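See below for the structure under consideration.
We're numbering straight along the sequence, starting at 1. Source: prediction; values computed, not measured.
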Amino acid sequence: MRCGLLGEKLGHSYSPELHTFFGDYDYELFEVPPDQLGDFVRIRDFHGLNVTLPYKTTMLAICDELTQAAAAIGSVNTVVKQLDGSLLGDNTDAAGFEGMVWKSRMRILDRKCVVLGSGGASLAVQYVLRKLGAGEIVVISRSGENNYKNLDKHADASILVNTTPVGMYPNTAASPVDLREFPQCEGVLDLIYNPARTALIQQAEALEIPCLGGLYMLAEQARCSAQIFTGEVIPAIRAKEAYHALRRRKENRILIGMPGCGKSTVGQALAEMLGLPFVDCDREMEKVLGMPVSEYITRYGEDAFRTEEAGLLKELGKASGLVIATGGGCVTRAENYPHLHQNGAIIFLERELSKLPKKGRPLSLRGNLQDMYTMRLPMYRRFADITVDNNGSVESVAKRVEEAYEHFSD
């Protein structure tokens, strides 16, 4: 059985990996430009499709038949080729988004909801919000009556849902709105799942607004799609299991801590244990700088080095499924936090100062190590999601790191 995801640009997709949780079928990425969509559909060399940007509403007219849900929503994200060769259009985005709402525990009843975007995903979101009894639903588009230039009209919104691709990998620094324009906001839902924490989600966290990214929605709609593809019932608990498994596989483990605290040795052991690639930022910086880090700092100073380091972390932070050992001073630049946090759990490795080596570390040699630790400790604490003591064997510490991560990710 040949299934897959149809869209214009799909390089960021987790769908092939996700669908392995739900059935024994081939799942491919069908990246089709608009001028070739007609030929692709006409050949129909597939059994089932998921549909993403920009074809969810386009497929509405192409399908020979629609389910009641797809017709009511006005958008198709799942297509099945029937025995006679005709195409049945369905919509599992609605079920996915409803699952996302329940996971977030946000109250929708009687709340004013602002939906950013007016495409196919937005239509499914609006359908669910109506079903859950939203008090008012306002759709923000670029050129409609309600647009990004008159957001002040809706400053009283309680729930904000982003259905646009703004903030999606690789343009992860972008955000569709500034949440400070919504002082009564009680919850933020972002359908984007890569990165795990968009700039919008990170701002919600900073403002202590309950929020959730789109990975759970992706898992639930995939489960519902897989049921349609296979004709078999897949228990709802499987979406939750797939969500946690994929999150653990895709989320970076990022080690921070004092120079010499064991980030590289523990990181290598952790990466080997998990079967994930390992990245040592100091080694990567040497490739960028063309010389040892210690030599660069001695020649050009710490500020110049930190600027170069920030550029590297900006790119590394966009990646998924890595174990990353950072430089000891990366926490001195606040700008590094959102880059590391967007796809990563940040783990602070603590180690007794007496066990920290100084050789080959110009900043450790330059001043009092205790003073450096005292200055940086609050920074490590601010960055860290998890703190792990590193005064045991490398293997035991790596295991403790992952045990702490599993508790954090649940």
Side-chain angles (χ1 to χ4, degrees), residues 202 205-206 252-270 278-314 316-317 323-342 344-394 396-398 400-401 404-405 408:
Q202 292 203 54
E205 290 179 340
N252 299 325
R253 278 63 154 183
I254 299 165
L255 304 179
I256 62 173
M258 287 286 285
C261 74
K263 298 184 293 293
S264 295
T265 51
V266 171
Q268 286 176 313
L270 180 63
F278 172 70
V279 177
D280 186 313
C281 286
D282 281 347
R283 301 291 80 78
E284 293 302 311
M285 283 304 303
E286 290 179 352
K287 296 176 186 177
V288 172
L289 302 173
M291 65 180 70
V293 168
S294 57
E295 182 179 341
Y296 188 90
I297 292 175
T298 300
R299 282 193 189 184
Y300 303 107
E302 183 181 1
D303 283 347
F305 172 73
R306 294 297 170 210
T307 299
E308 295 287 349
E309 180 184 51
L312 174 67
L313 295 179
K314 182 178 180 179
L316 281 178
V323 176
I324 301 173
T326 64
C330 74
V331 295
T332 62
R333 290 281 186 98
E335 69 196 82
N336 292 331
Y337 176 77
H339 301 317
L340 297 176
H341 185 56
Q342 64 183 327
I346 304 176
I347 300 114
F348 172 32
L349 287 185
E350 281 198 293
R351 196 175 194 187
E352 294 175 15
L353 289 183
S354 62
K355 296 182 179 180
L356 299 182
K358 295 183 179 181
K359 185 177 179 181
R361 303 177 188 276
L363 298 181
S364 297
L365 288 167
R366 189 175 298 173
N368 184 291
L369 203 59
Q370 179 64 57
D371 289 345
M372 178 191 288
Y373 180 74
T374 300
M375 180 190 73
R376 288 185 181 176
L377 181 59
M379 301 176 188
Y380 290 133
R381 299 268 188 233
R382 281 197 297 270
F383 270 54
D385 298 303
I386 301 163
T387 299
V388 174
D389 180 82
N390 183 21
N391 286 298
S393 69
V394 172
S396 67
V397 173
R400 285 206 303 272
V401 167
Y405 168 77
F408 163 75

Search all heavy atoms of [X] against all heavy atoms of [Y] and return the closest pair with its distance.
X	Y	answer
M285	V293	CB-CG2, 4.0 Å
I324	C281	CG2-SG, 3.6 Å
V388	A404	CG2-CB, 4.2 Å
L340	C330	CD1-SG, 4.4 Å
M372	P259	SD-CD, 4.2 Å

[X]: partners by side-chain contact (heavy atoms from CB on, under 4.5 Å), with sequence neighbours left out:
X	answer
V394	T265, A269
S396	S393, R400
R381	F348, E350, L377, T387
Q370	L353, N368, Y373, T374

Side chain to side chain donor-acceptor pair (under 3.5 Å) with [X]: which residues, sequence neighbours excluded?
X	result
Q268	none
R283	E286
T307	R333
N391	D389

One pair to check against side-chain contact (heavy atoms from CB on, under 4.5 Å): L316 and T326. What are the steps and the verdict? CA-CA 10 Å; L316 281 178; T326 64; over 6 Å; no

Taking ring pair (Phe, Tyr, Trp, His ring centres under 6.0 Å) as the definition, give me every residue that meets it alongside [X], ordered by chain and number, with sequence neighbours left out.
X	value
F278	none
Y405	none
Y300	Y296

To the nearest 0.5 angstrom, please state how far the [atom1] atom of [X] sits from the [atom2] atom of [Y].
X	Y	atom1	atom2	answer
I386	F408	CD1	CZ	5.5 Å
L349	Y380	CG	OH	10.5 Å
S294	R299	OG	CZ	10.5 Å
D385	I347	CG	CD1	7.5 Å
I297	R306	CD1	CZ	6.0 Å
L289	E295	CG	CD	10.0 Å

Would you call [X] and [Y] a side-chain contact if the rule is heavy atoms closer than 4.5 Å?
X	Y	result
E205	P338	no
M258	R351	no
V279	E284	yes

Counting distance only, does the side-chain N/O of Q342 pair as donor-acceptor with the main-chain N or O of H339 below 3.5 Å? yes

Can a donor-acceptor pair be found, under 3.5 Å and without considering hydrogens, that links the side chain of N390 to the backbone of V397? no

Taking salt bridge (Lys or Arg N to Asp or Glu O under 4.0 Å) as the cut-off, I'd like each qualifying pair that reaches into residues 252-270, sequence neighbours left out, listed once. R253-E402

